[in-house]
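The next block holds one structure in the form of structure tokens; read it before the comments.
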Amino acid sequence: MITVLKSSATKEQRDHLISWLEGQGLQVHVSEGKEYTILGLVGDTGHIDVELLESLAIVESVKRVSEPFKKVNRKFHPLDTVVTVGGASVGGGSFAVIAGPRAVESREQITAVAAAVKDAGASLLRGSAFRPRTSPYDLQVIHAEGLEYLLEAKKATGLPIVVELADMKDFDLLAEVDVVQVGSRNMQNYEMLRALGHTDKPILLRRGLAGSINDLLMSAEYLLAGGNANVILCERGIRTFETYTKNTLDLSAVPVLKQLTHLPVIVDPSHATGRADLVPSMALAAAACGADGLMIEVHNDPLHAQCDGAQSLTPPQFAQLMERVRRVREAVQS
């Protein structure tokens, strides 16, 4: 349920109403705008007398929310959420690009890529130190050693780092990581989401292989319900009957999500297509359709990459793409 307060409502009147609503067993989420203050009511609102609420002098209107997701709902929070990570911002008109190799292979590799993507204009550095693989025989990544190399690259470049968490038992190792990524296979790992919701660490939540938009938003709801509002959604392609590309990139999800939620939305065209030659066109399309950022895989030697080299851009290709993305965003905003 949403209660919209009039601009004439005083702080004392608002606090008194909030206290009464909380006394009814409801959680009250306050969103302040220029014209109105919105109270988002979470819990069993069935016993609340809507006519009584509407009769209060400070209340403009009362509406019931039919969607199962509440705290991520734009109706509860009309203004865009901006997630700030180091010197980078995601959402609210800011455009962030996360770039780096799929897996940390060596100190030299991640250091070289980090310097190159920063020079090209990347906002954050990605690199998996902990990553579940589909096959037990694939490269499983070099855990603590890989994380050490990432932190060295962060220190050398100043780029905040994004690392995927495969298991909550490793969470304490990510104390110096700036953004924790929840991978597609863990999107509906509700115990992990519930635990991460009680942290203040920014979370990058990737859509599951067969996850609907509603599934993604309900997973994000777990995080916000725990108190963590620093959540970034990522469209990374879904599994369909099409086999020509690795996944099917659902760009229509971007404007739909922007309508439904206040959380920032980024797009990963590398994992969606699985092909480096398709990444630039899909990245440009993502920028044009309103995404708040991109996640691009970049490797200094894709031919010899130990993991997903086929979908990785070289540093020169990434630099060229960044310039094209800048021009597309200027055209869209003009």
Side-chain angles (χ1 to χ4, degrees), residues 2 27-31 38 40-43 65-85 89-92 94 96 98 124 162-166 168 171 174 177-238 249-268 271-272 286 289-295:
I2 295 172
Q27 296 179 35
V28 182
H29 177 81
V30 182
S31 179
I38 295 176
L41 312 182
V42 181
V65 177
S66 59
E67 295 90 354
F69 47 91
K70 309 300 181 184
K71 292 192 174 183
V72 305
N73 202 314
R74 188 174 284 280
K75 294 175 183 176
F76 271 57
H77 192 294
L79 300 179
D80 288 344
T81 287
V82 179
V83 177
T84 302
V85 185
S89 295
V90 190
S94 298
I98 304 168
L124 299 96
V162 181
V163 176
E164 181 172 349
L165 178 66
M168 278 306 297
F171 180 75
L174 306 186
V177 168
D178 300 281
V179 180
V180 172
Q181 175 177 299
V182 175
S184 57
R185 291 173 180 81
N186 274 321
M187 186 200 79
Q188 291 180 304
N189 182 341
Y190 298 124
E191 291 304 311
M192 175 184 284
L193 296 175
R194 188 177 286 111
L196 291 174
H198 294 295
T199 73
D200 59 0
K201 188 77 74 174
I203 306 297
L204 175 63
L205 180 63
R206 291 167 68 85
R207 185 178 179 183
L209 296 172
S212 67
I213 289 174
N214 189 75
D215 291 336
L216 176 60
L217 291 172
M218 290 306 297
S219 293
E221 188 77 9
Y222 268 86
L223 296 167
L224 271 72
N228 190 346
N230 294 311
V231 178
I232 303 166
L233 304 178
C234 180
E235 164 57 39
R236 41 75 69 203
I238 54 176
L249 181 56
D250 182 10
L251 285 180
S252 66
V254 175
V256 171
L257 286 168
K258 298 292 284 183
Q259 290 177 9
L260 294 174
T261 182
H262 52 89
L263 298 176
V265 182
I266 69 169
V267 172
D268 178 355
H271 200 85
C289 75
D292 295 300
L294 297 166
M295 176 176 273

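- Of the possible polar contacts, one joining the Glu235 side chain to the Asp250 backbone as a donor-acceptor pair under 3.5 Å is found.
- In this structure, the side chains of Val28 and Leu41 come closer than 4.5 Å at one or more pairs of heavy atoms.
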### Task
Report the C-alpha separation of Met187 and Leu193 in whole Å, then their side-chain angles, then the decisive distance to 0.1 Å, and conclude whether the side chain to side chain contact (heavy atoms under 4.5 Å, CB included) test is met.
CA-CA 8 Å; Met187 186 200 79; Leu193 296 175; 5.9 Å; no

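- In terms of heavy atoms, Cys289 sits closest to Pro255 at O-CD, 4.2 Å.
- Nearest heavy-atom pair across Gly208 and Ile238 is O-CG2, 3.9 Å.
- Looking at Gln27, its side chain never comes within 3.5 Å of a backbone N or O of Gly43 through a donor-acceptor pair.
- Checked by atom type and distance alone, the side chain of Asn73 never pairs as donor or acceptor with a backbone atom of Lys70 at under 3.5 Å.
- Using a distance-only test at 3.5 Å, with no hydrogens or angles considered, a donor-acceptor pair links the side chain of Lys201 to the main chain of Leu174.
- One finds the CG atom of Leu216 at 9.5 Å from the CD atom of Gln188 (value rounded to the nearest 0.5 Å).
- With hydrogens and angles left out, the side-chain atoms of Thr81 and His262 include a donor and acceptor closer than 3.5 Å.
- How far CG of Asn228 is from NZ of Lys71: 11.0 Å, rounded to the nearest 0.5 Å.
- Counting heavy atoms from C-beta on, the side chains of Phe69 and Thr261 never come closer than 4.5 Å.
- For the atom pair CZ of Arg236 and OG of Ser184, the computed distance is 4.0 Å after rounding to the nearest 0.5 Å.
- Smallest separation of non-hydrogen atoms from Asn186 and Ala166: ND2-O, 3.4 Å.
- Put simply, the side chain of Asp292 gets close to the backbone of Val265: a donor and an acceptor are under 3.5 Å apart.
- With a 4.5 Å cut-off on side-chain heavy atoms, Asn189 and Met168 do not count as touching.
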### Task
For side chain to side chain contact (heavy atoms under 4.5 Å, CB included), just list the numbers for Ile266 and Leu204, CA-CA rounded to whole Å, side-chain angles, deciding distance to a tenth of an Å, and then say yes or no.
CA-CA 9 Å; Ile266 69 169; Leu204 175 63; 3.7 Å; yes

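- Interatomic distance, Leu223 CG to Ile232 CD1, rounded to the nearest 0.5 Å: 11.5 Å.
- Looking only at distances, no side-chain donor or acceptor of Arg194 sits under 3.5 Å from a matching main-chain atom of Gly226.
- The heavy-atom pair separating Leu205 from Ala220 by the smallest distance is CD2-N, 3.5 Å.
- A salt bridge links Lys75 to Glu67: at least one charged side-chain nitrogen sits closer than 4.0 Å to a carboxylate oxygen.
- Proximity of a side-chain donor or acceptor of Ser31 to a complementary backbone N or O of Ile38 within less than 3.5 Å is not detected.
- Ring geometry for His29 versus His77: interplanar angle of 30 to 60°, hence tilted.
- For the side chain to side chain contact (heavy atoms under 4.5 Å, CB included) with Arg207, the lone residue among Leu257, Ile213, Asp215, Asp268 that qualifies is Ile213.
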